[in-house]
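As the structure is a computational prediction, the values presented were derived from the model and not from experiment. Order of appearance sets the numbers: ligands from 1, and atoms from 1 within every ligand.
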Amino acid sequence: MNQQKKEEEGISMPLRHTEETRKGVLLPPPRRTHVVVWCAAVFCIVFSILLILTGIIIIIIFLVIKPKHPSFDTTGASLNSIYLDTPEYFNGDLTILANFSNPNRKIDVRFEFLSIELYFFDKLIAVQSVQPFPQRRGEARVEQVHMISSEVYLPLNLSSALQKQVQSNRIQYNIRGTFRVRASVGLTHFSYWLYGRCRIELTGPPSGVLVTRSCHTRK
Ligand SMILES: *[C@@H]1O[C@H](CO)[C@@H](O)[C@H](O)[C@H]1NC(C)=O
Ligand SMILES: *[C@@H]1O[C@H](CO)[C@@H](O)[C@H](O)[C@H]1NC(C)=O
């Protein structure tokens, strides 16, 4: 029994030994892989922490600055003329007072592109652009915009609707503004499109005035 045990040990001893030497020979390559994996892991952790910190900083900046987008409103209008040259060709002259305001407390903006369209129902009847301008925080600016329509084709149902509105002394137009706004926050700035919509109601020409309006601005 003892001899057998010794023999077993005798046999297993060299075996264990060779296994150890094999491990000893094979260890260096896995160790190198570990270094690479470790570096990757450290890099990932550092990168994740930076990402989270950046996120937190952006959230804090937004909470402190509370960005709002500028707004577009029609504060006044005068309807100078509506003239149908044959029932289907429309001529018109409307002046609107467009109020652009920047409600931000910490952000200056610049209106880089401004286009204002006038619609009767969903038919485009006049387009006008406004010169770009900068606008500081809290400022409002009123621009007089002259919308002129000359020989604009109106389908018969629309021209009869317009005639009815003129007779009832209440004319409804839709205004759609498209603006490119550049906002400056500290050293950075970003640009975006802004869309203003107004539905206005006026008394009849030649000295029509604004009766009601409903406006909203969205991104
Ligand atoms: C323009 O809009 C601003 C902000 O809504 C307002 O304070 C200002 O009174 C308006 N200006 C006119 C002329 O209506
Ligand atoms: C005028 O007619 C067109 C179809 O010809 C229709 O799509 C449109 O809604 C009509 N407009 C009004 C105000 O009745």
Provide, to 0.1 Å, the distance between atom 5 (O) of ligand 2 and the closest protein heavy atom, together with that atom's residue and name. Asn157 ND2, 4.6 Å
Measure up the Tyr173 and Phe120 rings against each other and bin them: parallel (under 30°), tilted (30 to 60°), perpendicular (over 60°). perpendicular
Take atom 14 (O) of ligand 1 and look for protein heavy atoms under 4.0 Å from it; say yes if you find one, no if not. yes
Hey, what's the ring geometry for Phe72 with Phe100, parallel, tilted or perpendicular (30° and 60° as the breaks)? tilted
Just to confirm my output: which protein heavy-atom neighbour is closest to atom 9 (O) of ligand 1, and how far is it? Asn99 ND2, 4.8 Å
Heavy atoms of the protein only: does one fall short of 4.0 Å from atom 7 (O) of ligand 1? no
With heavy atoms only and a cut-off of under 4.0 Å, state how Val142 meets ligand 1: side chain, backbone, both or neither. side chain
Under a 4.0 Å N-O cut-off, is there an ion pair linking Glu139 with Arg141? no
protein heavy-atom neighbour closest to atom 4 (C) of ligand 1 works out as Ser101 OG, 3.7 Å
Heavy-atom count around Arg199 CZ within 6.0 Å, excluding the residue itself: above 12? no
Less than 3.5 Å apart, any donor N or O on the side chain of Asn91 or Glu151 sitting next to an acceptor on the other? yes
Check: Thr75 N/O within less than 3.5 Å of ligand 1 N/O: no
Around atom CD of Gln144, are there more than 12 heavy atoms from other residues, nucleotides or ligands closer than 6.0 Å? no
Is at least one protein non-hydrogen atom found at under 4.0 angstrom from atom 11 (N) of ligand 2? yes
